[in-house]
Student: 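I'd like to ask some things about the structure below.
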Amino acid sequence: MAGLSSSYNDYNYSRLLGHTCSHRQTLFEQEASYRSFPLPGDKPHYAPDRQYIVSHIALEILLDFPNKSLTGVARTTLQPVNDGLTEVVFDATEMEIKAVYLQDEGAENQIPLTFRLEDEKLNLTLNEPKKATQVMTVIIHYQATPRHGLYFIAPDEAYPDKVVHVWSQGQDTDNHYWFPCYDAPNQKATSEMIVTVPAEFFALSNGALLEVLEGEGTKTFHWRHNTPHSSYLITLAVGPFVEIMNQWQEIPIPYYVLPGREEEAKLSLGKTPKMVEFFSEKIGIRYPYAQYATVCVSDFIFGGMENTTATTLTEHTLHNERAHQDFSSDTLVAHELAHQWFGDLLTCRDWSNGWLNEGFATYFEAIWIEHDLGHDEFLYEIYSNAQSYLSEDSGHYRRPLVAYTFNLPIDLFDRHLYEKGSLVLHMLRYLLGEEGWWKAINYYVTKHRGQNVITADLERAIEEATGRNLQPFFEQWVYKAGYPQFKLDYQWDESNKTAKFKVSQTQKIDNETPLFKIPVELAFVSPSGVRDTYKVQLEEKEHTFYFRLAERPAFVSFDPSNWLLKTVDWIRPKEQLLAQLEKDSEAFGRIMAVQALGKLNGSDIVTALEKTLKEDQFWVVRSEAARSLGAIKSAQAEQVLLDALGYEKHAKVRRAIASVLGEFRDEKAAAALEKILTGDVTDLVEMAAASALGKTRQPRAYDTLIQALERSSFNEVLRSGVFHGFTELRDERVLPTILEWTNYGKPDQARYSATLALGHLGKFVKDKEKEQIIDRLLDLLEDKSWRTRMSAISALQTLGDEKAIRRLHRTVETAIDGREVRRSREAILAIRESKGRDDEVKKLQDDLEKLSTENRELRDRVESLEQRLK
Ligand SMILES: [Zn+2]
């Protein structure tokens, strides 16, 4: 699954929507959140016991579009694990069970069963105790109007252009809202879908399409998937989809989109067949299913979902040539495709081991980038993953990669599960070497294909394939938390031609965070460019290493290929950084040098960064140079950035330049940003300019931003930039406009940006306006759009007003989406905490006031006594 929100799952809505500056931060930073991963009241969760083994699930579904409901027959073939099974329990929520029958294998008759539906469980009493060898099929006739799991999209008065269609979303445990099933990942069965829909619609499900039967104004699609998979991967998507057929070898690779988006689909999803080939070769297990379909749907609540053979993606990933300059669907497509092996063929036994799904899918995005775009882009992707994880660790919470205490499984789908998971795999690749790594991966997939896995299975597979016992590695990186925080010191002794390198781990070591034992590389690069690389083993809190070299190095690199997840505190002299910027053949090294230079000052640095901006071949180095110039903030730096707008063509670099111009808060920067807003290479560049223009706080910004609101753009990024710009502008006049843009009927993506903006705006408006904002946000907690509700929760947390607590509690109790529940719980805790702090400050102020009053009285008395003494 690829998520919608960022900091976040969401794996990266931010990236998906291109709301990114350098490190995939959203325009609006995720709100500071609660510090501990388990929240008060959270309990341990483990995979359920299996009383029976499911071997086949066959669904017969009739969809009722006007009523957004369905009638179904679910046939589940199963077999007891032990002799004497008397009851079968399924998950089933908010459905009406009409009748239940049992058919023993080989029997002609169906026997009616008594059943009881309570607490989201359907209990079926068997007619007699069953033996472990007895195969039977349970047949459930039911009706449902699902609020979850299966989603009916339809136009309404506010959005008359919406196209009628339906899609499902099973992960993590939502399919039991539309068919009764064993809804946990630790069972795998083959599946079948027989679905009847209006004749003008197409229905997509798992596996191969066996037949289409024409009825009176209807069509019945019969799909069958012959490889056992977990029930959360069963999918259904129905609508007036247009098919674009592709192929890899004999495997069909169709894309399904709503009418009018065909060209965008070809552009956005076009690399899928090449990815199927590449992953098949690298993993060494050919794509294992009958076909690989992708369907793009409206209002999807994640970025993508890897339903076996039939991935669902948000339609927001579809884009045209203009957007293609700085936006790509490739990582999303690669992520869901990689899941077909890691997630679908091998499936985590429980969500606590979910990194075996998500960490792999996230790392395989990077592996695709490495293949498609090269080594530099790959390392930048790894670096970006690390930044994303580190921001969750420092700003939110720290947890072991495998954690069992939580409220709802969706809580686990965070930056640990995805990004840290990917970085752990990256480090494994370092330890095993290229050959060992791919050998181990091939062995792991071969050994466990068709099975459920836990982390120990991966550990053992690596051991069997390569002989390496990596238990200590898994112990520190998976079962414990955190990462090494290095402090480095380097000195050169000219008389002995010796480099002295001191490495310390400064993280607080406790039950959760270990002292890390890991090898690391050091590179010494001579003035003529000769590179000496050494690998050293880190075991202790502090090490000092000595290296005899032929001559004084021009610069030194620690972990030059960025294999390790870490932070580094290292003050390097300017000369070294400038030398690295000029001479390092590794783009990653130049990025590090550019970033460090941004923390120093001086016109020679600005000159060097200007040269980088003009000449470096890699766009990321140029973007980082722009950011460093923004950090230096001198008049010279500003001029370099303004000049660069004249020659820089790369959309992502232009975006970086536009973003940092907001730092300068002067007329020149505002004029340049205004010019970008009249039309630039992509909408994302314009978005960055809108946001930065607000930041300049120049008088002209207000009118320009109001005007920019008139234009729609790719995924509403421009309006999102404007709303962000408004919050930076701090001009109270914007309030009515932002309020209006939160109205139902405005484009959804603009609405939730406006909603988030309200939270930030509320921090500096007068009390009366603040009340107005809070009232609106409280209303939005009940909004029809999931994403807007999520934004309202975040905005209420930003405002920190106690009034929100009662309503947020209601969301916790009634929200059906787990992400709303988690975010509301965090918001409540954060508001209480900030209220506690406010109260403390208030009390201290009162005490101070009292003391100074007493002091004044005392002084008066002393004075009057002195008077009397005179
Ligand atoms: Zn995923």
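Because the structure is a prediction, the values reported are computed rather than measured. Just so you know, ligand 1 is whichever comes first in the structure, and atom 1 is the first atom listed for that ligand. The figures that follow rest on heavy atoms only: side chains count, while hydrogens, waters and symmetry mates do not.
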Student: Which protein atoms of type N, O or S are found under 2.8 Å from the Zn ion (ligand 1)?
Tutor: Met1 N, Met1 O, His335 NE2, His339 NE2, Glu358 OE1
Student: Would Arg35 pass as a cation-pi partner of Tyr397, given that its NZ or CZ must be under 6.0 Å from the six-membered ring centre and within 45 degrees of the axis?
Tutor: no
Student: Going by atom types only, do Thr312 and Asn307 share a side-chain donor-acceptor pair under 3.5 Å?
Tutor: yes
Student: If the condition is salt bridge (Lys or Arg N to Asp or Glu O under 4.0 Å), which residues does Asp457 pass it with, not counting sequence neighbours?
Tutor: none
Student: Fit a plane to each ring of Tyr430 and Trp563, take the angle between them on a 0 to 90° scale, and name the class: parallel (under 30°), tilted (30 to 60°) or perpendicular (over 60°).
Tutor: parallel
Student: Are Phe90 and Tyr182, when compared by the centres of their aromatic rings, separated by less than 6.0 Å?
Tutor: no
Student: Do the non-hydrogen side-chain atoms of Phe279 and Ile285 ever get within less than 4.5 Å of each other?
Tutor: no
